[in-house]
Visitor: 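Sharing a structure below in structure tokens format, with a few things to ask.
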Amino acid sequence: MSAVRTSDYLNRTNLYHITHFIRSYGFRSSVHKVKDYLLRNRLYAAWLASNRITDEEAQRQKTEEKQFHLRPLISILVPTYQTAPEYLRQMIESVIGQTYTNWELCIADGSPDHNGIKAIVEGYRHPQIRYQALEKNLGISGNTNAALEMACGAYVALLDHDDFLEKNALFELVRAINHASFELDALYTDEDMFRSGETLFFHNPAFKPDFNADYLRSCNYITHFYAVKRELALKVGGFSSDCDGSQDYDFILKTTEQARQVLHIPKVLYHWRVHQNSVAGNPEDKMYAYESAVKALNRHYERSAIPAHAEKDTQLGFYRTIYDVQGEPTVSIILRNCAPELRQILQKQISYPNYEIIDHASEANGSYLLFLNGIGSISLSSARTPLAGGDSGKDFISLMLGNCQRTGVGAVGVKIIGRDNHVSECGLYYTKEGTVYSPFKGLLSNEPGYYGLAEVQHFISLTGPACIMVPREELAAFRKNLAKPHDVYNLCLNLLEKGLHITVLPYIHASLKTTKKRQERKNSIPVFQFKERPEYIKKHPCDPCYTPNFSQKTPYELQ
């Protein structure tokens with residue numbers, strides 16, 4: 001693999017993203033973003049080179065395939081439309097070169113003149129490639145549905161006509177299907193982006209968490225490479241033409257909401273081409289895609305009977321969901337070691353009608369308890385434009401409560417801001433040794449973090465004691481004050497053990513009362529160490545909300 005050159009970064013796509021980032025987050029945050037981007041991509045070139053399979057491993061996988069108990073046919077769906085010949089050949093050859101052999105490539109061509117694509121496909125003379133020249137262009141969803149109708153496999157997988165797969169992509173899917181202790185309905189992998197030139201330049205790796213429904217509702221983090229049982233794809237009606245532009249997002253939402261098990265394979269197996277006609281190349285060229293995404297999300301809530309609605313965030317490709325409060329339950333706000341003026345500040349800014357502010361949890365009358373420890377103020381972020389719709393005036397109590405009332409949610413956290421407007425905490429993760437880290441510690445408060453995780457709502461494994469809302473019923477076995485980190489972390493692990501989720505709302509900022517010194521941009525110092533590893537961590541040594549591809553000790557940096 002060739003060395004990364006400065007010219008690899010000086011292109012229309014990156015200049016667009018830098019300009020948009022400066023408009024959204026400011027110059028200071030943009031400098032930090034560019035530095036992180038350059039460092040990560042410089043390290044990624046070496047990482048990818050050492051993590052791609054060797055020719056010897058490829059041969060071994062072909063032998064191992066014969067030992068699989070399950071060898072499902074994988075139907076790869078590819079809608080084509082005036083695809084550039086070199087892109088088409090690269091995509092086809094990446095499928096032909098797979099180490100897993102039981103596949104079919106279903107190409108539905110909506111091009112007005114099929115001769116070019118048809119000639120290339122037929123030139124391969126490969127029995128596992130199926131091609132259909134459509135009578136007319138049906139749009140991206142209609143063309144993909146035509147490919148789905150051609151499919152005979154137990155699973156279907158989505159591949160764009162100008163992207164390509166790693167040679168072990170299908171093998172890793174089928175190995176996971178064979179090794180799983182439960183029947184898998186859907187699977188997805190990690191991915192990166194690339195640009196063509198004299199050599200391929202791979203960049204922007206997307207190392208993803210295990211299935212995270214709240215993160216998926218904030219952005220289509222799954223995207224590529226996605227595979228799902230064909231019967232489930234047909235059951236949900238395939239792809240919706242009125243969601244064109246975000247048809248894959250809509251399809252992923254429809255299938256995952258019915259899937260019994262969704263598995264993440266933490267390997268980069270898909271390469272997404274960046275060029276001026278792609279959404280990855282210039283997001284503003286396809287603004288309709290973001291409207292389609294909002295439509296897809298709101299349909300998801302309707303189908304799931306979830307009292308909520310989604311709206312666009314100011315950062316393209318990200319969305320914010322408002323969960324409606326059910327009734328008017330009492331919220332007890334317990335203040336501990338907070339700023340003396342916080343009580344008066346809260347009374348002025350809270351519009352939710354049914355709350356009490358008290359000093360001890362033993363005095364609480366509420367069905368939901370909000371613990372504030374060492375807090376000076378709490379509010380919606382003023383650094384970003386709030387919600388665009390009519391709910392932008394909702395206070396933080398209503399937003400936290402709407403989440404805390406959700407079925408399956410056991411606790412709600414927020415972004416904790418230290419001195420000098422730097423992040424202290426925005427969700428925590430644990431290591432297999434029982435060490436707790438704050439992955440975004442030291443970021444400026446309005447920085448989005450890795451793939452927006454410091455900005456958009458997502459499930460987390462742990463949150464700290466500074467600001468946490470919990471249903472009263474979940475506190476029975478714990479100290480009611482939740483004053484010490486140990487108490488809160490044990491509560492979080494207990495909630496996870498019960499199958500409940502903890503969600504973080506980064507657009508709510510709770511500022512710490514004081515800090516002893518200026519916050520540093522350093523997140524590699526543990527915030528807590530369990531003396532003995534909790535049973536939950538012993539059973540789940542890999543934090544499902546983090547990724548094994550990044551360092552455990554230096555968050556969001558390649559190992």
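Note that these values count all heavy atoms, side chains included, but never hydrogens, waters or copies made by symmetry.
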Visitor: I'd like to know if the side chain of Tyr100 reaches the main chain of Arg71, judged simply by a donor and an acceptor atom lying under 3.5 Å from each other, with no hydrogens or angles considered.
Guide: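 Such a contact is found between Tyr100 side chain and Arg71 backbone.
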
Visitor: Any side-chain donor-acceptor pair under 3.5 Å between Tyr319 and Tyr249?
Guide: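 Checked: Tyr319/Tyr249 side chains show no N/O donor-acceptor pair below 3.5 Å.
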
Visitor: Using 4.0 Å as the upper bound for N to carboxylate O, is an ion pair formed by Glu172 and Lys267?
Guide: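 Yes, Lys267 and Glu172 are salt-bridged.
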
Visitor: Verify whether one side chain among Asn549 and Asp190 offers a donor that lies under 3.5 Å from an acceptor in the other.
Guide: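 Short answer, yes.
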
Visitor: Using a distance-only test with no angle check, is there a side-chain donor-acceptor pair under 3.5 angstrom linking Thr255 and Tyr226?
Guide: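 Thr255 vs Tyr226: donor-acceptor pair found between side chains.
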
Visitor: Less than 3.5 Å apart, any donor N or O on the side chain of Ser240 or Lys254 sitting next to an acceptor on the other?
Guide: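 Present: a donor and an acceptor within the cut-off.
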
Visitor: Does the distance from a Lys or Arg side-chain N to an Asp or Glu carboxylate O, for Arg60 and Glu64, drop under 4.0 Å?
Guide: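 Result for this pair is yes, salt bridge flagged.
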
Visitor: Between Ser94 and Met91 (side chain of the first, backbone of the second, donor and acceptor by atom type, cut-off under 3.5 Å), is there such a pair?
Guide: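 Side chain of Ser94 to backbone of Met91, a donor-acceptor pair under 3.5 Å: yes, one is there.
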
Visitor: Test Leu173 against Thr189 for side chain to side chain contact (heavy atoms under 4.5 Å, CB included), laying out the working first.
Guide: CA-CA 9 Å; Leu173 294 183; Thr189 76; 4.2 Å; yes

Visitor: Are a donor atom and an acceptor atom from the side chains of Tyr81 and Asn143 found within less than 3.5 Å of each other?
Guide: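 No, because no side-chain N or O of Tyr81 sits under 3.5 Å from a partner of the opposite role on Asn143.
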
Visitor: Answer yes or no: does atom NZ of Lys62 have more than 12 heavy-atom neighbours from other residues, nucleotides or ligands under 6.0 Å?
Guide: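 Yes - once you tally the heavy atoms of other residues, nucleotides and ligands closer than 6.0 Å, there are more than 12.
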
Visitor: Please report the closest heavy-atom contact between Ile117 and Gln82, naming both atoms and the distance.
Guide: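 Heavy-atom minimum between the residues: CD1-N, 4.0 Å.
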
Visitor: Is the distance between the ring centroids of Tyr556 and Tyr429 under 6.0 Å?
Guide: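 Between Tyr429 and Tyr556, the centre distance exceeds or equals 6.0 Å.
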
Visitor: Thinking salt bridges, do Glu65 and Arg175 make one under a 4.0 Å N-O criterion?
Guide: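 So Glu65 does not pair with Arg175 through a salt bridge.
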
Visitor: Taking Glu166's backbone N and O only, do any of them form a donor-acceptor pair with Gln98's side chain (distance below 3.5 Å, no angle check)?
Guide: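 Side chain of Gln98 to backbone of Glu166: a pair is present.
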
Visitor: Side-chain donor-acceptor pair under 3.5 Å between Ser196 and Arg273, yes or no?
Guide: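 The criterion, which ignores hydrogens and geometry beyond distance, is satisfied for Arg273 and Ser196.
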
Visitor: Hey, does the side chain of His126 reach the backbone of Gln128 with a donor-acceptor pair shorter than 3.5 angstrom?
Guide: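 Yes; at least one donor-acceptor contact below 3.5 Å.
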
Visitor: If we count only N and O atoms by modelled type, under 3.5 Å, do the side chains of Tyr221 and Asn212 hold a donor and an acceptor together?
Guide: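 Looking only at side-chain atoms, Asn212 and Tyr221 do not form any donor-acceptor pair under 3.5 Å.
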
Visitor: Please tell me whether His264 and Asp210 have a donor and an acceptor in their side chains that are separated by less than 3.5 angstrom.
Guide: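 On atom types as modelled, these side chains qualify, holding a pair under 3.5 Å.
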
Visitor: Glu104 and Ser75: side-chain donor and acceptor closer than 3.5 Å?
Guide: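 Judged by distance alone, the side chains do pair up.
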
Visitor: Which heavy atom in Pro79 sits nearest to a heavy atom in Leu159, and how many Å separate them?
Guide: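 In terms of heavy atoms, the two residues are closest at CD-O, 4.2 Å.
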
Visitor: Would the distance check show the side chain of Asp192 and the main-chain N or O of Phe202 forming a donor-acceptor pair, the cut-off being under 3.5 Å?
Guide: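 No; zero donor-acceptor contacts below 3.5 Å.
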
Visitor: Would a distance-only check, ignoring hydrogens and angles, find a side-chain to backbone donor-acceptor pair under 3.5 Å from Asn168 to Phe171?
Guide: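 Looks like no, no N/O pair under 3.5 Å.
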
Visitor: So, Tyr437 versus Tyr546, ring centres under 6.0 angstrom or not?
Guide: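 Ring centres of Tyr546 and Tyr437 not closer than 6.0 Å.
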
Visitor: Do His69 and Asn178 pass the side-chain hydrogen bond (donor to acceptor under 3.5 Å, both in side chains) test, and can you show the C-alpha distance, the side-chain angles, and the key distance before you say yes or no?
Guide: CA-CA 7 Å; His69 174 64; Asn178 276 270; over 6 Å; no

Visitor: Flag the pair Trp47 / His203 as yes when their ring centroid distance falls below 6.0 Å, and as no otherwise.
Guide: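 Here the rings of His203 and Trp47 have centres that are no less than 6.0 Å from each other.
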
Visitor: Closest heavy-atom contact between Cys426 and Ser438?
Guide: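 Nearest heavy atoms, Cys426 then Ser438: N-OG, 4.4 Å.
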
Visitor: Could you tell me if the ring centre of Phe211 sits under 6.0 Å from that of Phe459?
Guide: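 Judged by ring-centre distance (under 6.0 Å), Phe211 and Phe459 do not meet the cut-off.
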
Visitor: Any donor-acceptor pair under 3.5 Å linking the side chain of His161 with the backbone of Leu88?
Guide: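 No, because the side chain of His161 does not come within donor-acceptor range (under 3.5 Å) of the backbone of Leu88.
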
Visitor: If the threshold is 4.0 Å, N to carboxylate O, is there a salt bridge linking Glu455 and Lys415?
Guide: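 Here Glu455 does not pair with Lys415 in a salt bridge, since their nearest N and O are not under 4.0 Å apart.
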
Visitor: Apply side-chain hydrogen bond (donor to acceptor under 3.5 Å, both in side chains) to Gln61 and Thr99, showing your working.
Guide: CA-CA 6 Å; Gln61 288 184 357; Thr99 60; 2.8 Å; yes

Visitor: For Ser292 and Asp244, indicate whether the former's side chain and the latter's backbone hold a donor-acceptor pair under 3.5 Å.
Guide: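 Confirmed, Ser292 side chain pairs with Asp244 backbone.
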
Visitor: Shortest non-hydrogen contact from Gly238 to Leu148?
Guide: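 Looking at all heavy atoms of both residues, the shortest contact is CA-CD2, 4.0 Å.
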
Visitor: Does CD belonging to Glu231 count more than 12 external heavy atoms closer than 6.0 Å?
Guide: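 No, not enclosed.
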
Visitor: Would you call Asp185 and Lys235 a salt bridge, taking side-chain N to carboxylate O under 4.0 Å as the test?
Guide: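 Salt bridge absent between Asp185 and Lys235.
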
Visitor: Counting C-beta onward and ignoring hydrogens, is there a side-chain heavy-atom pair between Pro209 and Thr547 closer than 4.5 Å?
Guide: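 Side-chain contact under 4.5 Å: no.
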
Visitor: Indicate whether the side chain of Glu311 and that of His309 have a donor and an acceptor atom separated by less than 3.5 Å.
Guide: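 Indeed, the side chains of Glu311 and His309 share at least one donor-acceptor pair under 3.5 Å.
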
Visitor: Measure the shortest side-chain to side-chain distance between Leu138 and Asn145 over non-hydrogen atoms and say whether it is less than 4.5 angstrom.
Guide: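 Result no, sub-4.5 Å side-chain heavy-atom pair not found.
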
Visitor: Would you say Thr503 and Asn403 are linked by a side-chain donor-acceptor pair, where the criterion is simply a distance under 3.5 Å?
Guide: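 Their side chains do not contain a donor-acceptor pair, so the 3.5 Å distance test is not met.
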
Visitor: For Val268, is there any backbone N or O sitting under 3.5 Å from a side-chain donor or acceptor partner on Glu191?
Guide: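 Answer holds: no.
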
Visitor: For Glu257, give me all partners under salt bridge (charged side-chain N to carboxylate O under 4.0 Å, His left out), at least two apart in sequence or on another chain.
Guide: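 Residues passing salt bridge (charged side-chain N to carboxylate O under 4.0 Å, His left out) with Glu257: Arg303.
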
Visitor: Would Phe207 and Tyr450 count as a close aromatic pair, with their ring centres under 6.0 Å?
Guide: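 Not close enough - the centres of the two rings lie 6.0 Å or further apart.
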
Visitor: Do NZ/NE/NH1/NH2 and the carboxylate oxygens of Asp55 and Lys167 come within less than 4.0 Å?
Guide: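 Salt bridge present between Asp55 and Lys167.
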
Visitor: Just to verify, what does Asp214 make a salt bridge (charged side-chain N to carboxylate O under 4.0 Å, His left out) with, not counting sequence neighbours?
Guide: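 Per chain and number, Asp214 pairs via salt bridge (charged side-chain N to carboxylate O under 4.0 Å, His left out) with Arg217, Arg406.
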
